2 protein chains.
Amino acid sequence: MSVFSGRPAYLQIADDLRSQILEGALQADDKLPSEPALMDDYGVSRIVVRQALDVLRAEGLIVKQQGRGSFVRALVPPTKRVLGHLYNERPEGSPFAAVTSAGGQRPEWDYQSRKTAASKVIADRLGIAPGDPVMRTSYRFLADDEPVMLSTSFEPLAITGGTSIEQPESGTVTGVVPRFDQIGLHITHVKEDVNGRAARPYEAETLQVPQGVPVLVIERTYYVEDQPVETADIVVSSARYVLSYRLEIPPRT
Amino acid sequence: MSVFSGRPAYLQIADDLRSQILEGALQADDKLPSEPALMDDYGVSRIVVRQALDVLRAEGLIVKQQGRGSFVRALVPPTKRVLGHLYNERPEGSPFAAVTSAGGQRPEWDYQSRKTAASKVIADRLGIAPGDPVMRTSYRFLADDEPVMLSTSFEPLAITGGTSIEQPESGTVTGVVPRFDQIGLHITHVKEDVNGRAARPYEAETLQVPQGVPVLVIERTYYVEDQPVETADIVVSSARYVLSYRLEIPPRT
DNA sequence: ATAAATTTGTTCGTATGTATA
DNA sequence: CTATACATACGAACAAATTTA
């Protein structure tokens with residue numbers, strides 16, 4: 001196997017290895033040839049081999065482990081989770097706990113809350129003024145002791161300040177919808193904006209995933225009749241999480 | 001500014017530049033210092049500077065353009081689109097056309113259809129046997145002449161073969177729901193699995209985005225009462241597309 | 001339990017090609 | 001046309017993690 005000119009060598013090598021993975025010649029958890037072996041195979045320098053492997057890593061097709069090698073990543077995420085439509089079925093309780101329990105795993109989370117001033121972005125999402133006081137809570141969600149999701153939520157203190165739910169995790173009731181029900185505000189709908197990017201170092205460390213793996217970022221905002229009452233940034237590894245939902249099509253008229 | 005030992009230099013530089021972007025010192029579309037300038041600033045070699053920039057590119061924070069420089073990417077995607085809940089509001093017509101028109105842009109698409117045999121993955125999703133005949137159609141969707149979305153769809157010929165909708169784009173009716181209505185099959189719901197990863201070379205080229213940018217991949221399957229009738233892989237640049245939807249919370253009982 | 005070998009991670013220097021200003 | 005800036009690619013060395021002997 002050798003490279004022809006015209007297309008960068010590292011892309012040709014990435015193409016070749018990608019085909020082998022996609023066509024099944026290299027299967028999940030298989031070890032790829034070592035970098036020196038690939039240098040020999042393709043007759044290129046180490047930097048070219050590493051660039052090719054970096055391409056495949058960014059595509060989520062392989063993982064590299066120092067001292068061990070590069071391995072084909074399972075194409076189907078091992079723990080497939082469902083977000084979204086669960087709200088309709090079980091509005092009570094925390095969606096995370098419900099989904100995790102349903103998958104036969106033990107849900108846990110820890111968190112840190114503190115009062116702070118709303119940034120411009122957060123103020124926009126909550127319909128308040130920049131600098132207004134908000135309660136900021138950072139969550140780390142674990143399934144069977146493995147961190148799978150990060151979340152940072154913001155609630156305007158103009159709404160929750162002085163109430164029994166000012167501290168998000170101090171009561172016995174979990175889940176945003178039941179919590180707001182406690183102060184007489186029933187959440188009517190949720191909006192979510194989903195985007196994808198590579199994990200930032202802090203996220204990679206906290207989620208215990210290799211650097212640069214793709215993550216899904218969900219901007220979620222809870223509303224009571226067009227009034228935002230809570231907004232959160234949620235980060236999940238796309239290797240362990242699939243955002244899955246079901247949409248009903250109305251009957252033909 | 002210099003680097004201390006203990007943490008890789010390229011990560012320290014990425015951290016520093018990331019802070020400047022996130023804190024607003026470097027704003028959207030601002031040009032970052034050139035690679036030689038960064039080499040001077042931090043006292044490192046070119047390879048380290050490039051690794052740092054590659055980290056930020058994978059995170060979607062910057063774009064690099066050969067011959068021009070590296071630029072801060074707009075944090076809020078410029079054309080925010082909505083998928084999903086539109087099905088409930090306007091089941092008629094193509095969702096893409098509806099969304100694009102609603103955003104004041106002109107929708108267009110081209111495509112290629114061919115009969116082929118179902119791969120194992122596609123057969124699984126369609127509930128048929130591997131090797132069964134399917135109609136495969138690759139779409140390229142454009143908004144105002146700019147490619148924004150790729151889609152590859154598969155329909156079992158056991159269902160559509162010999163009917164008026166065997167060729168997905170030969171009739172006058174667009175959109176999967178209305179098309180299947182034409183042969184008396186009313187689609188009852190849609191399932192979507194969303195994941196994120198870096199664009200593959202073919203996708204980057206077709207979508208006219210720089211290599212390695214994060215994309216969202218949506219696996220969408222249409223059902224008629226638990227019978228899959230169409231499945232598609234949809235790829236969108238997360239720079240230009242946000243998957244957005246709204247979930248209703250039922251009233252308190 | 002240790003040492004050696006293997007494998008990826010980080011970093012330097014250097015050179016040439018290609019796109020843009 | 002020239003200078004600038006990023007893209008690709010060679011060679012080399014040492015560090016860190018893991019596996020093997």
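Bear in mind the structure is a predicted one, so any value in this text is a computation, not a measurement. Numbered from 1 within each chain, the chains take letters A, B, ... in sequence-line order.
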**Asked** Considering heavy-atom distances to DNA chain C, does A:Gly69 or A:Ile47 have its closest nucleotide positioned more toward the 5' end?
**Response** A:Gly69
Mind listing the N/O atom pairs, protein and nucleotides 12-15 of chain D, below 3.5 Å?
| unit_1 | atom_1 | unit_2 | atom_2 | d |
| --- | --- | --- | --- | --- |
| D:dA13 | N6 | A:Arg46 | NH1 | 3.4 |

**Euclidean distance, atom CD of residue B:Gln65 to atom C1' of C:dT18 [Å, nearest integer]** = 14 Å
**Short side-chain donor-acceptor distance under 3.5 Å, B:Gln112 and B:Tyr139** = no
**Prompt:** Without hydrogens or angle criteria, can the side chains of B:Tyr10 and B:Asp54 be said to hold a donor-acceptor pair below 3.5 Å?
**Reply:** no
**Request:** Specify the separation, in whole Å, of atom CE of B:Met39 and atom C1' of D:dT4.
**Result:** 14 Å
**Prompt:** Charged N to carboxylate O below 4.0 Å: is that the case for B:Asp233 and B:Arg125?
**Reply:** yes
**Fill in**
OG of A:Ser153 to CZ of A:Arg136, rounded to nearest 0.5 Å, is 9.0 Å
**Message:** Is B:Arg50 close enough to D:dA7 that one of its side-chain N or O atoms is under 4.0 Å from OP1 or OP2 there?
**Reply:** yes
**Asked** How close or far is atom P of D:dA9 from atom OH of A:Tyr42, stated in whole angstroms?
**Response** 14 Å
**Request:** Answer yes when A:Glu59 and A:Arg57 have at least one side-chain N-carboxylate O distance shorter than 4.0 Å, and no when they do not.
**Result:** no
**Request:** Report the distance from atom CD of A:Gln51 to atom P of C:dT8, rounded to the nearest whole Å.
**Result:** 16 Å
**Fill in**
Whole-Å distance, A:Leu53 CG to C:dT8 C1', equals 10 Å
**Request:** May I ask you to verify if any side-chain N or O of B:Tyr10 is less than 4.0 angstrom from the OP1 or OP2 atom of C:dT10?
**Result:** yes
**Asked** Are B:Arg73 and B:Asp29 close enough for a salt bridge, meaning some N to O gap below 4.0 Å?
**Response** no
**Message:** How many whole angstroms separate atom CZ of B:Arg7 from atom P of D:dA16?
**Reply:** 15 Å
**Prompt:** Which nucleotide, C:dT10, D:dC10, C:dT7, lies nearest any side-chain atom of A:Ser34?
**Reply:** C:dT7
**Fill in**
In short, side-chain hydrogen bond (donor to acceptor under 3.5 Å, both in side chains) pairs touching residues 115-124 of chain A with sequence neighbours left out are A:Lys115-A:Glu166
**Request:** Locate the shortest heavy-atom distance separating B:Leu56 from B:Leu17; write the atom from each residue and the value.
**Result:** CD1-CB, 3.6 Å
**Asked** Taking NZ from B:Lys31 and P from C:dT20, how many angstroms apart are they, rounded to a whole number?
**Response** 15 Å
**Request:** Examine C:dG9: is either OP1 or OP2 under 4.0 Å from a nitrogen or oxygen in the side chain of A:Lys64? Give yes or no.
**Result:** yes
**Message:** What is the distance, to the nearest angstrom, from the CG atom on B:Leu38 to the P atom on C:dC12?
**Reply:** 13 Å
Contact list (N/O, under 3.5 angstrom) for nucleotides 19-21 of chain D vs protein:
| unit_1 | atom_1 | unit_2 | atom_2 | d |
| --- | --- | --- | --- | --- |
| D:dT19 | OP1 | A:Arg68 | NH1 | 3.3 |

**Prompt:** Going by an N to O cut-off under 4.0 Å, is there a salt bridge joining B:Arg197 and B:Glu203?
**Reply:** yes
